[in-house]
Amino acid sequence: KAGVTQTPRYLIKTRGQQVTLSCSPISGHRSVSWYQQTPGQGLQFLFEYFSETQRNKGNFPGRFSGRQFSNSRSEMNVSTLELGDSALYLCASTLLDRGNHEQYFGPGTRLTVT
Amino acid sequence: AQTVTQSQPEMSVQEAETVTLSCTYDTSESNYYLFWYKQPPSRQMILVIRQEAYKQQNATENRFSVNFQKAAKSFSLKISDSQLGDTAMYFCAFKGGSNYKLTFGKGTLLTVNP
């Protein structure tokens, strides 16, 4: 089975621009979560989607948004980029069947805001 | 809110030796899951081991085992017969039974020396 894939792997943007990141979960996994990883703050939860519905949202401003499609693929969008948004953005998928709560991570998208 | 604390920012061990990484957590939930993830330098985060809170038996995966002390809210990871490929950042993570997000510790950077 293919793992979680994320595109693009690297991205350089300018302050004020917006960006869209994509995540394809493992086949059959219906839950997709997003995390931001920075040296200072560590790993922080952004949001989680299941069946195209956002069920959980972390403590991030409204500039961070996401969505999930019927095939479970997910995108996250960051508008009006700030320098502090530079981070590794990780996507994780979960089967959520028979009590399986393990999250499997993709390689991440490295976003640099200049 | 749940918190996860990893008190050892860095550790080193000689190849073939055993090392234990510490993790404590705080929660008021009775049903939850604990995980150890490994993130090698510039590589993907992978799941090392998981533990369900309702199980008294400590989880084991080959050279990796945990010491789960529910009353003390402690969840340490023991790596036996350390290998060079074990060099990585190790994250302890908590997931509540009714929640869909992972709360991570700050991580422990483990270096295995030849």
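So you know, we letter chains A, B, ... as the sequences are listed, proteins then strands, and number each from 1. Every heavy atom of this structure was used, including side-chain atoms; hydrogens, water molecules and symmetry mates were not.
Residue-level contacts of residues 38-49 of chain B with chain A, in order of numbering, are B:Gln39, B:Gln44, B:Met45, B:Leu47; threshold 4.5 Å between heavy atoms. Listed by sequence position, B:Lys106 are the residues of residues 105-114 of chain B in contact with chain A, using a 4.5 angstrom heavy-atom cutoff.
Checked against B:Tyr32 for a ring-ring contact (aromatic ring centres under 6.0 Å, His included), the options B:Phe75, B:Tyr54, B:Phe94 give a single hit: B:Phe94. Tested against A:Tyr49 for a side-chain hydrogen bond (donor to acceptor under 3.5 Å, both in side chains), the candidates A:Gln54, A:Arg30, A:Gln68 yield a single pass: A:Gln54.
In this structure, A:Arg55 satisfies the cation-pi test against A:Phe50, with its NZ or CZ atom closer than 6.0 Å to the six-membered ring centre and inside 45 degrees of the ring normal.
Judged by distance alone, with hydrogens and angles left aside, the side-chain atoms of B:Gln6 form a donor-acceptor pair with the main-chain N or O of B:Tyr90 at under 3.5 Å.
In this structure, A:Phe105 and B:Tyr37 have perpendicular ring planes: the angle between them is above 60°, well past the 30° mark. A perpendicular orientation is assigned to the rings of A:Phe45 and A:Tyr35, their planes being inclined by more than 60° (bins at 30° and 60°).
Ring centroid separation for the pair B:Phe35 and B:Phe91 does not come in under the 6.0 Å cut-off.
Using a 4.5 Å cut-off between heavy atoms, A:Leu46 makes no contact with chain B at all. For a residue to count as touching a neighbouring chain, one of its non-hydrogen atoms must lie under 4.5 Å from one of that chain's; by this rule A:Gln44 does not touch chain B. Residue B:Lys95 touches chain A through its side chain alone, counting heavy-atom pairs closer than 4.5 Å.
Of the charged side-chain nitrogens involved, none lies within less than 4.0 Å of a carboxylate oxygen, so that A:Lys57 and A:Glu48 do not count as a salt-bridged pair.
Taking a 6.0 Å sphere around NZ of B:Lys78, one finds it holds 12 or fewer heavy atoms contributed by other residues, nucleotides or ligands. Counting heavy atoms of neighbouring residues, nucleotides and ligands inside a 6.0 Å radius, atom CG of B:Asn62 does not exceed 12 of them.
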Exercise for the section: Show your working on side chain to side chain contact (heavy atoms under 4.5 Å, CB included) between A:Val32 and A:Cys91 and close with a plain yes or no. Expected result: CA-CA 7 Å; A:Val32 174; A:Cys91 164; 3.6 Å; yes

